[in-house]
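Note that this is a predicted model, so its numbers are computed, not measured. The analysis underlying the following values was restricted to heavy atoms, covering all of them including side chains, and did not include hydrogens, waters or symmetry mates.
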Amino acid sequence: MALSDVRSLGGADVAMNTNPATQNPISDYVPNTLQQAVALNGGNFNMIKLFGLSNVITSKFVNLIYEGIAEVARHAIQYNFFNGVKRALQNTLNGTTDDGSAFYSGKGVVGYSVTNPGQMADDDQTINLSMVSEANGYAWAYKVLVPLIKMASDNALKDAENGNTNQANLPAFYLVNQLITANALAGDQGAQIVNNAPHAFPQAKGEAANDRPPAPAATPVSPLGQGWWFLVFTNGLMTQPSDQNIVATNGSSMTVAVPLVTTNANGIFGIGNQRLSSVGYQQYNNSNGWPNRFTDVGSGNLSVGSNQPSTNATAKLSVPTTSGTYYYQLKLTYNNGSPKTVYSDVFAITVVPKPIDATGLVVTANQKSVLWGQQIGLNAQPMPTNSTATIGWRANPSDPKFGVFSSTSGQKTSFTTKAPANERDAVLQNDSGTPINLTATATNSDHSTVEGTASATLGGVYPITVQRGENFNVKPDALNGVQYPSNPDFRWFIYKDQTGTTEYTPSTSEHLVQNTDTLQWQNVQAPQGKLYYQLVVTFNKGTSSAFSWYTNIAPLTITATNPELHAVPNLQFALSSGTNPTIADFYKASGVMMQYAPSKMVNSVNWDGNNAGVLAITSGGSQWRLNVQFSPFKNMTTQRNLGGSSGGTAAFSLHFADGTTMAAKDDSQPVTLYNGATQNVTTTTSTDTSLKIPQTASIQPGTYQSTATWTLVKAP
């Protein structure tokens with residue numbers, strides 16, 4: 001079981017314990033006594049008790065033998081363990097990203113895992129312990145040391161970029177916190193490193209607490225007990241019970257207060273009253289599991305506040321004073337409404353013989369950005385995790401116009417932001433929302449304190465820039481995965497100023513979707529400049545119980561740049577048969593009609609269009625006009641114009657796939673193809689494009705060519 005302790009990475013004897021039978025020090029990596037070691041295997045432990053040998057394994061002589069065996073085993077395990085550590089670090093420094101799974105699983109190691117290296121020690125192994133130890137060392141190094149090396153590398157590069165070459169060494173507590181944040185370490189592992197917190201070895205059933213059990217199968221946690229938002233007519237928990245660490249009192253049992261936040265409706269003149277009326281609890285038993293029978297705390301041990309639509313409540317449970325961790329589930333019964341019964345999540349109460357001070361506090365928030373009216377779930381994880389320090393909460397700014405805590409004490413709480421009176425309230429007229437810090441303070445038995453802070457932004461939307469003529473979508477991050485209290489009604493507003501006094505009216509060519517959680521705006525035609533946007537989410541719309549969530553009113557900047565002409569088509573014409581006309585064709589009274597024939601395109605160096613017939617313009621959000629003019633057709637051999645020096649004989653009929661058409665002649669006169677456009681255009685020349693040349697009495701053999709000049713004009 002030494003392999004299950006994160007401090008295996010540090011070598012020998014991080015903390016020393018005393019064997020009560022021999023009074024000799026023994027490494028914290030191994031059980032203090034032979035009795036504890038035997039208890040790691042439930043079958044062996046039961047057999048010892050069956051044969052009446054319990055007193056033998058607690059004797060001083062037998063424990064002296066045990067200590068010798070334990071130390072020899074520990075040294076052997078550590079030797080092979082560090083072979084694995086060395087291999088992991090060498091691979092990392094050589095640039096290899098190999099977590100060792102394929103190699104060690106291939107060697108027969110059962111349960112190899114870099115997320116839970118201790119799992120290997122819990123699985124039955126059939127290969128040599130030396131290979132298991134090496135695999136464990138590789139996994140622990142990959143889990144903890146490799147992220148630490150990467151963090152150190154990133155920090156060094158950042159310091160170098162900033163010219164900071166004299167950075168003071170970071171404290172271990174800071175580094176451990178970073179590893180916990182990166183999910184490389186669990187909180188209790190961090191406490192073992194920083195504070196030498198004892199390692200908890202799992203014992204056989206009946207000897208100590210097991211890992212956190214699953215939710216009871218017979219009484220599954222109600223969906224209403226899993227962080228939903230509630231209306232006053234729907235009963236449920238707003239905040240789940242927190243895990244607690246309690247100092248044991250005298251006697252065999254003690255009373256522990258469990259704070260709750262529950263929905264509450266006091267009603268009017270006794271009508272519509274929906275209150276928490278009773279609380280029962282059940283305790284998990286290592287041997288028999290969940291009993292699925294609940295003990296009522298009694299009316300004298302239940303207090304319920306009077307605030308609406310949610311209020312604080314406290315239920316007092318009877319808990320053993322014997323040191324250990326005990327797991328509970330609550331059953332909440334309401335006097336009216338639906339559902340009548342709600343079950344809580346499983347929570348733990350850990351009993352310790354004396355106070356354990358907190359040396360650090362990691363505070364997390366389930367939302368970094370919220371709409372005004374939404375709730376932020378908060379958790380304060382002390383280090384070590386079994387600390388008995390009391391935890392209190394405060395907000396900065398502390399003005400109640402920003403919001404209130406569901407409870408200002410306890411490891412878990414929530415902060416409900418205050419919805420303003422209407423969508424144009426001054427508190428909402430903020431470009432990037434309103435930052436707020438939510439700080440937890442852990443107070444120890446000697447009145448020393450440690451703090452941790454989570455930051456959030458009240459508002460939910462931020463300044464954005466949109467190019468005129470483009471499409472864009474925006475959805476607040478705060479609404480991703482959110483559970484709504486009831487069916488939401490969405491309304492996006494586009495204002496001409498941040499006070500919201502004048503709304504923007506879209507043109508007929510624009511398309512605005514304003515009734516979903518995502519604002520969708522196609523072909524933005526607002527003039528270049530600044531608008532403002534906001535979302536209001538309303539629940540129970542049109543009823544006396546209606547309420548809303550609000551975003552801040554954030555800038556929406558409309559930009560425009562010069563339009564650009566990216567592609568114009570080469571134009572090649574032939575008879576409908578696909579052949580070139582002859583001189584005789586030009587003598588006909590009806591003249592010659594030729595069709596656009598891209599398949600007959602000639603590769604000539606003085607053509608600068610494209611042979612795919614593509615016409616492409618980007619507007620940059622500006623208004624633009626596209627003109628084209630054709631020079632007189634000229635015989636490329638004799639340099640003689642068709643139809644005289646000024647041309648004008650040939651008539652073009654241009655057609656494009658987007659429906660645009662245009663008539664022009666080869667007389668060098670510009671003709672407008674698009675006018676007052678703001679959108680991007682990408683289209684192709686249609687085969688309906690034609691060239692008509694009337695009867696021509698005098699024409700010379702050869703190739704005739706006209707130059708098309710395309711002019712893109714920013715207008716107005």
Side-chain angles (χ1 to χ4, degrees), residues 1 5-7 13-33 35-36 39 58 172-173 176 186-203 206-212 241-259 283-284 286 314 316-328 347-362 379-392 409-412 440-452:
M1 293 303 293
D5 194 321
V6 65
R7 288 168 294 180
D13 300 341
V14 171
M16 300 297 292
N17 295 320
T18 300
N19 185 324
T22 65
Q23 301 304 311
N24 291 330
I26 189 166
S27 171
D28 186 46
Y29 287 172
V30 296
N32 292 3
T33 65
Q35 183 181 35
Q36 290 181 349
T58 60
F173 172 73
V176 170
D188 57 344
Q189 293 169 339
Q192 288 165 2
I193 293 173
V194 175
N195 304 309
N196 286 343
H199 181 76
F201 291 101
Q203 305 290 301
E207 294 302 310
N210 292 330
D211 290 336
R212 182 181 293 267
S242 299
D243 290 352
Q244 295 188 56
N245 302 312
I246 303 295
V247 179
T249 61
N250 295 326
S252 60
S253 65
M254 59 183 176
T255 299
V256 175
V258 177
Q283 179 185 333
Y284 181 78
N286 286 333
T314 301
K316 296 179 180 179
L317 282 58
S318 178
V319 176
T321 55
T322 304
S323 296
T325 300
Y326 305 91
Y327 297 97
Y328 297 89
F347 61 98
I349 296 179
T350 299
V351 179
V352 296
K354 60 181 180 179
I356 300 174
D357 289 345
T359 57
L361 202 59
V362 179
N379 182 67
Q381 178 63 63
M383 293 182 62
T385 55
N386 62 346
S387 166
T388 56
T390 59
I391 295 176
S409 62
Q411 183 175 329
K412 288 183 181 179
T441 302
T443 303
N444 295 315
S445 57
D446 62 357
H447 303 294
S448 63
T449 61
V450 292
E451 291 188 347

Engineer: Any idea which heavy atoms bring T322 and V351 closest together, and the distance?
Structural biologist: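 Closest approach of T322 to V351, heavy atoms only: O-CB, 3.7 Å.
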Engineer: Starting at CG of L317, measure out to CZ of F347 and round the result to the nearest 0.5 Å.
Structural biologist: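 These two atoms lie 5.5 Å from each other.
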Engineer: Looking only at heavy atoms, what is the nearest atom pair of Q244 and P259, with distance?
Structural biologist: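 Of all heavy-atom pairs spanning Q244 and P259, the closest is NE2-CD, 4.1 Å.
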Engineer: Looking at residues at least two apart in the chain, or sitting in another chain, which of them share a side chain to side chain donor-acceptor pair (under 3.5 Å) with D446?
Structural biologist: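 If we apply the side chain to side chain donor-acceptor pair (under 3.5 Å) test to D446, skipping adjacent residues, the hits are S448.
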Engineer: Would you please name every residue forming a side chain to side chain contact (heavy atoms under 4.5 Å, CB included) with S253, sequence neighbours left out?
Structural biologist: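 For S253 the side chain to side chain contact (heavy atoms under 4.5 Å, CB included) partners, ignoring immediate neighbours, are S318.
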Engineer: When rounded to the nearest 0.5 angstrom, what is the spacing between CD1 in I391 and CG in N379?
Structural biologist: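 With rounding to 0.5 Å, CD1 (I391) is 8.0 Å from CG (N379).
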Engineer: Indicate the atoms forming the closest heavy-atom contact of I356 with S387, along with that distance.
Structural biologist: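 Nearest pair, atom of I356 first, then S387: O-OG, 3.1 Å.
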Engineer: I want to check something: taking the side chain as every heavy atom from C-beta on, are V258 and Y328 in contact at a cut-off of under 4.5 Å?
Structural biologist: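 The answer is no, as the side chains (C-beta and beyond) never meet within the 4.5 Å cut-off.
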Engineer: Tell me if a side-chain donor or acceptor on N444 pairs with a main-chain N or O of A358 at a distance below 3.5 Å.
Structural biologist: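 Pair found, side chain donor or acceptor close to backbone of A358.
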Engineer: Using side chain to side chain contact (heavy atoms under 4.5 Å, CB included) as the criterion, list what pairs up with V247, not counting sequence neighbours.
Structural biologist: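 V247 satisfies side chain to side chain contact (heavy atoms under 4.5 Å, CB included) with V352, P355, T388 only.
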Engineer: Below 4.5 Å, heavy atoms only, C-beta onward: do T385 and D243 meet side chain to side chain?
Structural biologist: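 Counting from C-beta outward, T385 and D243 never come under 4.5 Å.
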Engineer: Please name all residues satisfying side chain to side chain donor-acceptor pair (under 3.5 Å) with T441, sequence neighbours left out, ordered by chain then number.
Structural biologist: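 So T441 forms a side chain to side chain donor-acceptor pair (under 3.5 Å) with R394, E451.
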Engineer: Looking at every heavy atom in both A380 and Q411, which two are closest together, and how far apart are they?
Structural biologist: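 Of all heavy-atom pairs spanning A380 and Q411, the closest is O-CG, 2.7 Å.
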Engineer: Does any part of the side chain of M383, heavy atoms only, come nearer than 4.5 Å to the side chain of V450, both counted from C-beta?
Structural biologist: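 Not touching, per the 4.5 Å side-chain cut-off.
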Engineer: Among all residues two or more places apart in sequence or in another chain, which pass the side chain to side chain contact (heavy atoms under 4.5 Å, CB included) test with T249?
Structural biologist: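 Per chain and number, T249 pairs via side chain to side chain contact (heavy atoms under 4.5 Å, CB included) with M254, T321.
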Engineer: Nearest 0.5 Å, what's the OG1-CG distance between T350 and N245?
Structural biologist: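 The OG1 atom of T350 sits 5.0 Å away from the CG atom of N245.
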